[in-house]
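See below for the structure under consideration.
Residue numbers run from 1 in the order of the sequence given.
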Amino acid sequence: MKTEDKARLYDIVALCNSYCELCQAWADMEKDEFIDRILSLLPKIYWNFFDLVPETIPLEDDYFSTYVDEDLYEFIQKGIASIIGAQDTYLDTFHEDMKYSETPITASVSEGLADIFQPLFDFISIVRDSDGDRLEDAYLDCREKFESYWSQNLCNVMKALNDIKFGRL
């Protein structure tokens, strides 16, 4: 990886850390503050994972174990749901089953944010626990997961949060 890309990776780690800290600090915030702060981070996260394309071969699946257990995931998901309240549910027009369904498919903002939290928390934890030695490998793993699923979650959740922010949901 190029030197300037490696420097960007450290910035991405800091950005991901900010996201994870925000998701864990839900109890210390009011709804509007949480939404404003999360909306300021999500586009930056998307752009950084979209823009920095690795030159190396992606890792095999399950190369790293997860740092997010069921209790932590539920703490994040249920905590965010408690802040967002009734606006946590939105219509998911991109859901795979939507094309076959006669009834609307709903999704949850809090579940989407928790689904983004998991790979980002794993990423920063791998970097932290390896003292930065596994930075590139951890990024490749997280980038692969970005392409396969959490980028779509991010886009869907951002639209729902935007609608909450501006009173359309």
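For the atom pair L113 CG and I80 CD1, the distance stands at 5.0 Å (nearest 0.5 Å). Atom CZ of residue R134 and atom CG of residue L140 lie 10.5 Å apart, to the nearest 0.5 angstrom. Rounded to the nearest 0.5 Å, atoms CD1 (I84) and OH (Y90) are 10.5 Å apart.
D28 is linked by a side-chain contact (heavy atoms from CB on, under 4.5 Å) to A25, counting only residues two or more places apart in sequence or in another chain. Not counting sequence neighbours, the partners of Q118 by the side chain to side chain donor-acceptor pair (under 3.5 Å) test are T66. For the side chain to side chain donor-acceptor pair (under 3.5 Å) test, no residue two or more places apart in sequence or in another chain qualifies with Q24. Residues passing the ring pair (Phe, Tyr, Trp, His ring centres under 6.0 Å) test with Y19: none are found, sequence neighbours excluded. Under the salt bridge (Lys or Arg N to Asp or Glu O under 4.0 Å) criterion, K78 pairs with E74, sequence neighbours left out. Scored by the side chain to side chain donor-acceptor pair (under 3.5 Å) test, K165 finds D36 as partners (sequence neighbours excluded). Here S82 pairs with W26 under the side-chain contact (heavy atoms from CB on, under 4.5 Å) rule; sequence neighbours left out. The ring pair (Phe, Tyr, Trp, His ring centres under 6.0 Å) test applied to W150 returns F49, F146, not counting sequence neighbours. For S108, the side chain to side chain donor-acceptor pair (under 3.5 Å) partners are D88, S110, not counting sequence neighbours.
Other residues, nucleotides and ligands place no more than 12 heavy atoms under 6.0 Å from the CD atom of E30. Within a 6.0 Å radius of CZ in F50, other residues, nucleotides and ligands contribute 12 heavy atoms or fewer.
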Given M158 and Y46, is the side chain to side chain contact (heavy atoms under 4.5 Å, CB included) satisfied, shown in steps? CA-CA 10 Å; M158 205 161 97; Y46 184 91; over 6 Å; no
Side chains of residues 8-18: which donor-acceptor pairs under 3.5 Å do they make with residues two or more places apart or in other chains?
unit_1: R8; atom_1: NH1; unit_2: D51; atom_2: OD2; d: 2.9
unit_1: R8; atom_1: NH2; unit_2: N48; atom_2: OD1; d: 3.2
unit_1: R8; atom_1: NH2; unit_2: D51; atom_2: OD2; d: 3.4
unit_1: N17; atom_1: ND2; unit_2: E21; atom_2: OE2; d: 3.1
unit_1: S18; atom_1: OG; unit_2: A14; atom_2: O; d: 3.2

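Among pairs with a residue in residues 105-129, none fulfils salt bridge (Lys or Arg N to Asp or Glu O under 4.0 Å), at least two apart in sequence or across chains. Residue pairs meeting the ring-ring contact (aromatic ring centres under 6.0 Å, His included) criterion with at least one member in residues 110-135, sequence neighbours excluded: F117-F121.
Using a 4.5 Å heavy-atom threshold, the side chains of N156 and K159 count as separate. Counting only heavy atoms from C-beta outward, the side chains of L161 and L42 approach each other to under 4.5 Å.
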